[in-house]
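Numbering starts at 1 and runs along the sequence shown.
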Amino acid sequence: MRIFLVALVSLFLAGAYSGEASEQTRQIVVDGEGRVAATPDMALVNLGVRKEARQAAAAIDAASKAMTSVLERIAAAGIASEDVQTTRIGLDPRWQHSQNSTPPRVVGYVASNDLRIRVRDLDLLGGLLDAVVSEGANTMNGLTFSVADPAPLEDQARAAAVVDARG
């Protein structure tokens, strides 16, 4: 039985190897690098509101009120509604841990509401950030600069990579 199993495995491996060899195609691989620099024309801002309270409903209510004010300020700054996206709404317990062997207990709640804002006019950015902070935004989860339409830049980089690869 053992000889049969070894023979079967050998036949299987030989068949797989011969099939693999016949399916190989000849190819030439070249590498090229292309770089393009551009001045950003927009920013993506990730910010939010966090509010704590002893009761979950109170934390949610406080966060909702603050976010309503933040959204009103964003709209007043001329940011289009399609450039504002909610990325997270959360409610998390706040735990109290003791030094003795008693189990931790919930002593409150933290409600959160996070947004991603696309700012297409960079001249508005500083004033907008000041405004939303004054209305209750108290978390900043990142600010990145970008280009609204990267496709032409990507095309230029690909063309430069082809020239580099041929060179």
So which heavy atom on [X] is nearest to which on [Y], and how close?
X	Y	result
Ala137	Val70	N-CG2, 3.7 Å
Val147	Pro150	O-CD, 3.7 Å
Ala160	Gly34	CB-CA, 3.7 Å
Ala63	Ala111	CB-CB, 3.9 Å
Leu153	Ala38	CD1-CB, 3.5 Å
Ala148	Asp41	N-OD1, 2.8 Å

Q: Enter the distance from Glu52:CD to Arg54:CZ here, rounded to the nearest 0.5 Å.
A: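 With rounding to 0.5 Å, CD (Glu52) is 11.5 Å from CZ (Arg54).
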Q: Give a yes or no on whether a salt bridge exists between Arg50 and Asp114, defined as a side-chain N under 4.0 angstrom from a carboxylate O.
A: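 A salt bridge links Arg50 with Asp114.
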Q.
Checking Val162 now: which residues fulfil side chain to side chain contact (heavy atoms under 4.5 Å, CB included) with it, not counting sequence neighbours?
A.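 With sequence neighbours excluded, Val162 shows a side chain to side chain contact (heavy atoms under 4.5 Å, CB included) to Arg166, given in chain and number order.
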Q. Which residues pass the side chain to side chain contact (heavy atoms under 4.5 Å, CB included) test with Ala62, sequence neighbours left out?
A.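 Ala62 satisfies side chain to side chain contact (heavy atoms under 4.5 Å, CB included) with Lys51 once adjacent residues are dropped.
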Q.
Hydrophobic clusters here meaning ILVMFWY residues chained together by side-chain heavy-atom distances under 4.5 Å, can you tell me if Leu47 and Ile89 are in one?
A.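 Hydrophobic grouping puts Leu47 apart from Ile89.
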(Q) Check for me, please, whether Leu143 and Ile79 land in the same ILVMFWY cluster - side-chain distances under 4.5 Å, paths through other members count. (A)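 Linked within one cluster.
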By side-chain hydrogen bond (donor to acceptor under 3.5 Å, both in side chains) - contacts of [X] (at least two apart):
X	answer
Ser112	Arg88
Gln96	Arg105
Ser81	none
Arg158	Asp155

May I have all residue pairs that pass side chain to side chain donor-acceptor pair (under 3.5 Å) and include part of [range], sequence neighbours excluded?
range	result
residues 26-36	Glu33-Arg35
residues 58-71	Asp61-Lys65
residues 124-141	Arg73-Glu135

Q. Using a side-chain heavy atom cutoff under 4.5 Å and only I, L, V, M, F, W and Y, what cluster partners does Val30 have?
A.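 Val30 shares its hydrophobic cluster with Ile28.
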Q. Residues sharing Tyr109's hydrophobic cluster, by side-chain heavy-atom contacts under 4.5 Å among ILVMFWY, directly or via others?
A.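 ILVMFWY cluster around Tyr109 also holds Ile60, Leu91, Trp95, Val106.
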Q: Check whether more than 12 heavy atoms from other residues, nucleotides or ligands sit under 6.0 Å from atom CD of Gln55, and answer yes or no.
A: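 Counting neighbours around CD of Gln55, 12 or fewer heavy atoms of other residues, nucleotides or ligands fall under 6.0 Å, so no.
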Side-chain donor-acceptor pairs under 3.5 Å in residues 115-129, sequence neighbours left out?
{"from": "Arg116", "atom 1": "NE", "to": "Asn46", "atom 2": "OD1", "distance (Å)": "3.2"}
{"from": "Arg118", "atom 1": "NH1", "to": "Asp83", "atom 2": "OD1", "distance (Å)": "3.2"}
{"from": "Arg120", "atom 1": "NE", "to": "Asp83", "atom 2": "OD1", "distance (Å)": "3.4"}
{"from": "Arg120", "atom 1": "NE", "to": "Asp83", "atom 2": "OD2", "distance (Å)": "2.9"}
{"from": "Arg120", "atom 1": "NH2", "to": "Asp83", "atom 2": "OD1", "distance (Å)": "3.0"}
{"from": "Asp121", "atom 1": "OD1", "to": "Asp123", "atom 2": "N", "distance (Å)": "3.1"}

